[in-house]
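In what follows, a structure is listed as C-alpha cells, so that the remarks can point back to it.
Excluded from the calculations below are hydrogen atoms, water molecules and symmetry mates; all remaining heavy atoms, backbone and side chain alike, are included. Order of appearance sets the numbers: ligands from 1, and atoms from 1 within every ligand. Predicted model, so just to flag it, every value in this text is computed and none were measured.
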Amino acid sequence: MNIKKIAEKFKNHFGSDCLIVRSPGRVNIIGEHTDYNEGFVLPAAIDKAAYVAIAKRQDNKVCLYAAAFDQSFETTLSNLTTSKLDWPNYILGVIDQIQKAGVQLSGFDLLIDGDIPIGAGLSSSAALECAALFAITELFGLQFSKMQMALMAQKAEHDFAGVNCGLMDMFASLFGKQGHAIKLDCRSLEYEYVPIDLKGYKLLLLNTNVKHTLSSSEYNNRRIECEQGVNWVKENIPTVNSLRDITLDMLDEHVLPMDNIVYNRCRYVVEENIRLTQACSDLANNNVVAMGEKMFETHKGLKDLYEVSCAELDFLVDQVKGHPAVLGARMMGGGFGGCTINIVKESEIENLVASIMPIYEKQMQRPLSYYVASIEDGTRVVFKNN
Ligand code: GLA
C-alpha cells in the first residue's frame with residue numbers, strides 16, 4: 001500500500017499530520033487450534049497488512065475513520081461501549097485495555113486502512129488491533145513491550161469482539177520477521193524464529209471466499225469441549241492442567257468412555273502438537289516434502305476430528321492432493337471458510353490456479369481468489385511526519 005496516500009487521506013479527513021503504523025496479517029504453517037490449549041503454533045507475518053494513522057487531539061474525543069468503508073465513528077475516552085458498526089470495536093477494545101492498564105490517555109484521531117482480505121482467515125482483526133495498540137503506544141510514549149501488547153490485543157478481542165481466541169494471531173503480527181516463521185510455545189510464551197526456505201516452493205493461499213461467520217460461536221464451543229476433556233482427565237490425574245499435559249493414552253482411558261465428540265476434539269489437538277514438533281524437525285532437515293505431508297494430515301484432523309472445515313475448503317485441498325507441484329495443503333485459521341495454505345512449486349502456481357479456478361467456481365458457485373504470500377516483518381512505524 002502507498003503510505004504517502006494514507007497520510008494524505010488522513011490530512012484530508014482530519015486536517016493534520018500523522019504517525020502511521022503497519023501491522024501484518026499472518027499465515028500459520030502448522031499448529032491449528034493449539035494456541036488456546038497451551039500448545040505450539042508456527043505462524044509467520046505476511047505482506048498484507050492493516051495500517052493505522054494517528055494524531056493527538058486537543059480534547060477527549062476519539063474520532064475514527066475507516067477509509068475503505070468511508071465510515072466514521074466518534075466517542076469519548078470515558079464511554080467505550082461497543083458499536084453496531086463492528087470495525088470500531090477493535091479499536092475501542094484496545095483503548096479499553098490501555099485504560100485498564102492504568103494509563104490516562106487524551107483524545108486522538110485515528111484512520112484505518114489496509115489490504116488484508118476480511119474474513120479470509122488471515123487475521124485482519126488481530127492486525128488492526130495490533131496496529132492501533134502500537135500506534136497509540138508510540139503516540140503517547142507508553143512503555144508496553146510487544147508481548148504485553150499481544151496479550152492486551154488478545155483480551156480486546158475477547159471483550160469487544162466476543163471471540164475467545166488464543167494468542168497466535170496477535171503474536172505473529174507483532175513479532176513477525178522476514179523469511180522466518182515463529183515457533184511459539186503458548187504455555188511458557190517462549191518462542192524461536194525458524195527460517196523458512198522452501199527451495200523453489202511458495203506459500204499459496206487459496207481463498208474460498210466463504211466468510212467465516214459461523215466461526216465465533218463454533219470457535220468458542222471448541223474451546224469449551226477441549227476444557228471438558230481436560231477436566232475429565234484431571235479428575236483422575238490431578239497434575240494435568242491443559243491438553244499440553246495429556247497423552248493419547250490418557251485420552252483413551254479417561255475421555256473416550258465419556259464422550260466421543262470431546263474425545264475427537266482432544267485427540268486432534270494432542271496429535272497436532274506432535275505433528276508440529278515433527279514438522280519443525282523436517283524444516284531443520286530441509287525436508288519440505290515430509291512437512292507438506294503433515295499439513296495434509298492436519299487438514300484431515302481439522303475436518304474429521306475437530307470438525308471446523310467446510311465443503312469449499314475440503315474441495316480445494318482435494319483438488320491439489322496428489323498434484324506433482326503441491327507438497328502440502330490444509331485449511332488455515334479458525335475454519336468454516338477463509339483460505340487454504342498450500343506449498344506449491346513457484347513455476348507451477350499460475351497453471352495450478354488456472355486449472356482449479358473454473359472447477360471451483362462452477363461447483364461452489366462462488367469466486368476463487370488467491371495470493372502468493374511472502375513472509376515479512378512484524379508491526380512497526382512506517383511514517384512519522386514531524
Ligand atoms: C483463530 C484464532 C487463533 C487460533 C486459530 C486456530 O485464528 O484467532 O487464536 O486459535 O483460529 O488455530
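- Applying the side-chain contact (heavy atoms from CB on, under 4.5 Å) criterion to Glu235, with sequence neighbours excluded, gives Trp232.
- Enumerated by chain and number, the residues approaching ligand 1 to less than 4.0 Å through a heavy atom are Arg26, Glu32, His33, Asp35, Tyr36, Cys165, Gly166, Met168, Asp169, Tyr219, Gly333, Gly334.
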Verdict with reasoning, Ser123 to Ile116, per side chain to side chain contact (heavy atoms under 4.5 Å, CB included): CA-CA 8 Å; Ser123 297; Ile116 310 176; over 6 Å; no
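- With no hydrogens or angles considered, no side-chain donor-acceptor pair links Arg187 and Ser242 at under 3.5 Å.
- Taking Ile, Leu, Val, Met, Phe, Trp and Tyr as hydrophobic and joining them when side-chain heavy atoms fall under 4.5 Å apart, one finds Ile3 in a cluster with Met1, Ile6, Phe10, Phe14, Ile20, Tyr51, Tyr65, Leu111, Val382, Phe383.
- Below 30°, between 30° and 60°, or above 60°: for Phe175 and Tyr191 the angle between ring planes is above 60°, a perpendicular geometry.
- Residue Ile224 shares its hydrophobic cluster (ILVMFWY side chains chained together at separations under 4.5 Å) with no other residue.
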